[in-house]
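Here the structure is laid out as structure tokens; the discussion comes afterwards.
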Amino acid sequence: MNHSFTPGQIWKDDNGKHISAHGGGILLYNDRYYWYGEDNTKGYYNNTGISCYSSTDLYNWKNEGLVLKQEDMPPELWGENLGRVERPKVIYNKKTGKFVMWMHAEQKGYAFSMAGVAVSEHPTGPFEFLFCDRPVKYEPERGFDSHTNEEELGNSFRDMTLFVDHTAENDGEADAAYVIYASEGNWTMYIVKLNSDYTWIDLPEDEGRIRPQFTEAQLGLGWSRQFIDQMREAPALFYYKNQYFMITSGCTGWDPNQAEISVSNHLMKPFKRLGDPCINDHKQTTFDSQSTFVLPVNQEKGEFIYMGDRWNPNFLGASTYVWLPLKIHPDIQAEIHWKHSWQIEEFSE
Ligand code: DGJ
């Protein structure tokens with residue numbers, strides 16, 4: 001049994017194997033936590049699909065197996081193209097009763113850069129893969145990214161997260177969901193509102209799965225561009241006292257860099273950059289990690305868990321996890337402190 005978090009160490013599941021749920025995120029459903037991530041046990045270009053682990057205490061995780069297998073994804077993604085799926089996130093749709101997964105579907109060379117969408121009746125799958133596509137087309141001032149063929153295929157879709165807005169304050173609608181992703185060849189981050197079943201983006205009329213060509217005029221109407229030309233990735237979004245916070249990293253491949261936290265009172269308005277939330281992080285590398293998710297522990301009190309990946313580029317399967325306490329103070333000061341070992345109770349000490 002585990003009784004604490006030990007950031008950066010091997011973290012074993014109920015079978016005694018190192019957990020493989022990288023670039024992951026957590027869904028709390030019926031008092032159980034589900035941790036979804038990249039299964040990298042076989043390495044970089046052999047990721048076998050999306051893994052899931054479940055827990056009631058966040059320290060001990062039961063391996064629920066692959067909830068979306070490589071063989072259940074479009075064959076054109078794999079084969080010679082050496083496909084891989086990164087940073088999957090799952091949200092629950094109360095209206096449809098379905099679990100919806102979005103992921104970054106990729107191939108060797110990082111030019112494919114598509115969103116993958118899958119659904120399931122159960123949190124532990126199996127997920128049915130629906131499609132790969134790019135949600136938005138928009139020509140930024142610097143022009144379309146040619147490496148990812150944005151002019152033809154729409155704006156690229158890479159590091160991503162999902163966020164369900166339980167506040168209803170955003171646009172008067174409860175449980176609106178958003179996909180947040182690095183686009184424009186990673187130059188700019190997008191926040192795009194999802195439709196009511198969370199399987200595509202929200203369009204004015206139910207137009208099916210079309211990719212709208214946006215102009216400046218659509219900005220703020222279910223779509224915002226954040227950190228324009230700033231090259232941010234690894235977004236993790238959370239909410240505290242009428243403010244939306246986002247942690248992002250810089251763009252340095254698998255090497256860790258300095259995190260930044262930003263805040264906005266509306267998802268369609270620009271996020272203001274507040275700087276590095278890590279305290280006494282002398283190397284300025286987010287304690288040797290890259291953000292992937294922020295899990296609320298006690299949202300009212302500003303208590304969250306920062307979840308990051310400590311990537312091992314030589315063998316991705318050996319990458320570890322850096323989970324640390326993240327505290328937001330009422331004056332919106334954010335703090336992440338390093339701990340060799342810690343427990344959730346320490347928030348209230
Ligand atoms: C950094 C991203 O955050 C990861 O998800 C992955 O895409 C690597 N880059 C690939 O170099």
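Model, not experiment: these values are computed from the prediction. Every number for a ligand or one of its atoms is a count from 1 in the order of the listing.
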Do we get Lys98 above Phe127's six-membered ring, with its NZ or CZ under 6.0 Å from the centre and within 45° of the axis? no
With a heavy-atom distance limit of 4.0 Å, tell me whether Gln290 approaches ligand 1 through its side chain, its backbone, both, or neither. side chain
Can you pull out the closest protein heavy atom to atom 5 (O) of ligand 1? Residue, atom name and distance to 0.1 Å, please. Arg87 NE, 2.9 Å
Quick one: look up the protein heavy atom nearest atom 7 (O) of ligand 1 and list residue, atom name and how far away it is. Glu86 OE1, 2.6 Å
Which atoms from ligand 1 have a heavy atom of Asp159 less than 4.0 Å away? 2 (C), 3 (O), 4 (C), 5 (O), 7 (O)
Of Arg158, Lys137, Arg134, Arg225, the one forming a salt bridge (charged side-chain N to carboxylate O under 4.0 Å, His left out) with Glu184 is Arg225
With a 3.5 Å cut-off and no angle check, do the side chains of Ser262 and Glu260 form a donor-acceptor pair? no
May I ask you to check whether Tyr44 has an N/O atom sitting below 3.5 Å from an N/O atom of ligand 1? no
According to a hydrophobic-cluster definition based on side-chain heavy atoms being under 4.5 Å apart (Ile, Leu, Val, Met, Phe, Trp, Tyr only), do Phe214 and Leu194 belong together? yes
Between Phe131 and Arg209, is there a cation-pi geometry (under 6.0 Å to ring centre, at most 45° from the normal)? yes
Which residue holds the protein heavy atom closest to atom 9 (N) of ligand 1, what is that atom called, and what is the gap in Å? Gly253 O, 3.4 Å
